[in-house]
Protein chains: 2
Amino acid sequence: MNSTRAAIIEAADRLFYQRGYRDTSFADIAAAVGLSRGNFYHHFKSKDAILDGVIALRRQKTGELLAQWSAESADPAGRIRSFIHILAVNRDPILEHGCPVGSLCVELAKADHEALADAAAIFTMFRDWLRAQFEALGRADDADELAMHLLARSQGAATLASAFHDRSFLDREIESLETWLAHCLGDRPEPQTQGAHPCSSSC
Amino acid sequence: MNSTRAAIIEAADRLFYQRGYRDTSFADIAAAVGLSRGNFYHHFKSKDAILDGVIALRRQKTGELLAQWSAESADPAGRIRSFIHILAVNRDPILEHGCPVGSLCVELAKADHEALADAAAIFTMFRDWLRAQFEALGRADDADELAMHLLARSQGAATLASAFHDRSFLDREIESLETWLAHCLGDRPEPQTQGAHPCSSSC
DNA sequence: ACCAGTTTAGGACAACTGTCCTAAGCTCCC
DNA sequence: GGGAGCTTAGGACAGTTGTCCTAAACTGGT
């Protein structure tokens, strides 16, 4: 059945996020889906193949998420706010396990794993989508830098929040990112919000 | 000998950074220091004890580093610039293995390891030291937020740089952090540099 | 030269890892 | 009802893991 394959990938997806790739064994995944570990090789030829499946699933989900954000708001600023708000939506898992994309990339980078490029491609999806939004806001010159900057800040916020298990820090960073965004918008002719240049704790 | 103990910890320190804690075995450390793996238990009662030793070493080194930065420049802004510049000084290892502190915390958080608090304390050392510098710059009100913000940004820069193996992104983030700092200094009466409020790609 | 204490090598150990094999069960078409 | 093909369970496998033990080698003081 194809649904068995999907069940394995979904369980692995969750476990890889919660425990990491290396720390998740076949036995763990088997227990999670209620199958004997022996017959995994009928569906996947190796553990790396499961990882490939998990990354493919995450890429697909990321694409759907970005499409949803695009559909929910026509305004590029609102779309960027949707991105910022994943930190709030996924607050609890982030506090426990960090960012799913970032922590996987860190692990794969250390292991010199060939799937690193695939995993980092999820970052690229966010990067390209964010860049498109900044371009739509009239920041074509530095759209990619702004996108990477936003990605890096959310990444750092997730890492520190999980290291400290500090929920209020995460909430403050979300606010700070919104201030930063409003600040960005106020800088250029494109009128989207009124930018009084607050320059509070965010800078 | 005490030097054997130190040699084990130093090798473990390097390997934990390059491969991660879980992915580093006793055999790996034994090979690195040229000892048989059996007698490790004469120096450490478990692998976790080695981790404790590594974290203690890193804490000590961090303390020395901060003291050195404090000694090198009396100016708080210069001290903060020293912090920003570890990203440049350690550019190559960061591109390959990310931030030593951040990646260890992420791994320990996923493993629900009791040493997480110890490892995160290294972040706290940087945080407190940075906060003191911002306080000296007359930003007592938001010194801790500024410190955490700087920590988060450097953390995100390291993570993304290693995920993408992108050296120029890392260099751009270092520049951006310096711009941000100059921006900070220009905001308040404390005259340290002339703040023309550039507001380039950094905001 | 001897002895007590420290340090080492080497291997035993049980548990676990990813991988692979085989035989049984299942499903669906003829 | 029978048979082909897909799916499963269960276990074998070789290798590795962290842990622990024992006996040898070394050390320094007398």
Could you give the CZ-to-P distance, from B:F40 to C:dG10, as a whole number of Å? 14 Å
When the distance from CG of B:L51 to P of D:dT19 is rounded to whole Å, what number comes out? 12 Å
Separation of B:Y21 atom OH from D:dT17 atom C1', in whole Å? 12 Å
Report yes or no: does A:Y21 contribute a side-chain atom to a donor-acceptor pair with the main-chain N or O of A:L15 at less than 3.5 Å? no
Check whether any side-chain nitrogen or oxygen of A:N39 sits under 4.0 Å from OP1 or OP2 of D:dA9, and answer yes or no. yes
Any idea which of D:dG11, C:dT6, D:dT8 is nearest the A:L35 side chain? D:dT8
Taking the six-membered ring for Trp, are B:F126 and B:W69 parallel (under 30°), tilted (30 to 60°) or perpendicular (over 60°)? tilted
Given atom NE2 of A:H42 and atom P of D:dT7, what is their separation to the nearest angstrom? 6 Å
Rounded distance (Å) that lies between atom C1' of C:dG18 and atom CZ of A:F44: 15 Å
To the nearest Å, how far apart are A:I50 CD1 and C:dT17 C1'? 13 Å
Please determine if a side-chain N or O atom of B:S25 lies less than 4.0 Å away from the OP1 or OP2 oxygen of D:dT16. no
Is there a side-chain polar atom (N or O) of B:Y41 under 4.0 Å from OP1 or OP2 of D:dT19? yes
I want to check one thing: is the phosphate of D:dG18, taken as OP1 and OP2, less than 4.0 Å away from some side-chain N or O of B:S46? no
Would B:R127 and A:F164 count as a cation-pi pair here, with the cationic atom under 6.0 angstrom from the ring centre and within 45° of the axis? yes
Atom-to-atom span, CG of B:L15 to C1' of D:dG18 - whole angstrom: 16 Å
Is there a donor-acceptor contact under 3.5 Å from the side chain of A:D142 to the main chain of A:E145? no
Under the salt bridge (charged side-chain N to carboxylate O under 4.0 Å, His left out) test against B:D28, which residue among B:R19, B:R22, B:K47 passes? B:R19
Less than 4.0 angstrom between a side-chain N/O of B:T4 and OP1 or OP2 of C:dT7, yes or no? no
Distance check needed: C:dC16 P versus A:K47 NZ, whole Å only. 15 Å
Contact nearer the 5' end of DNA chain C, comparing A:R22 with B:G34: B:G34
With a cut-off of less than 4.0 Å, is there a side-chain N or O of B:H43 near OP1 or OP2 of C:dT8? yes
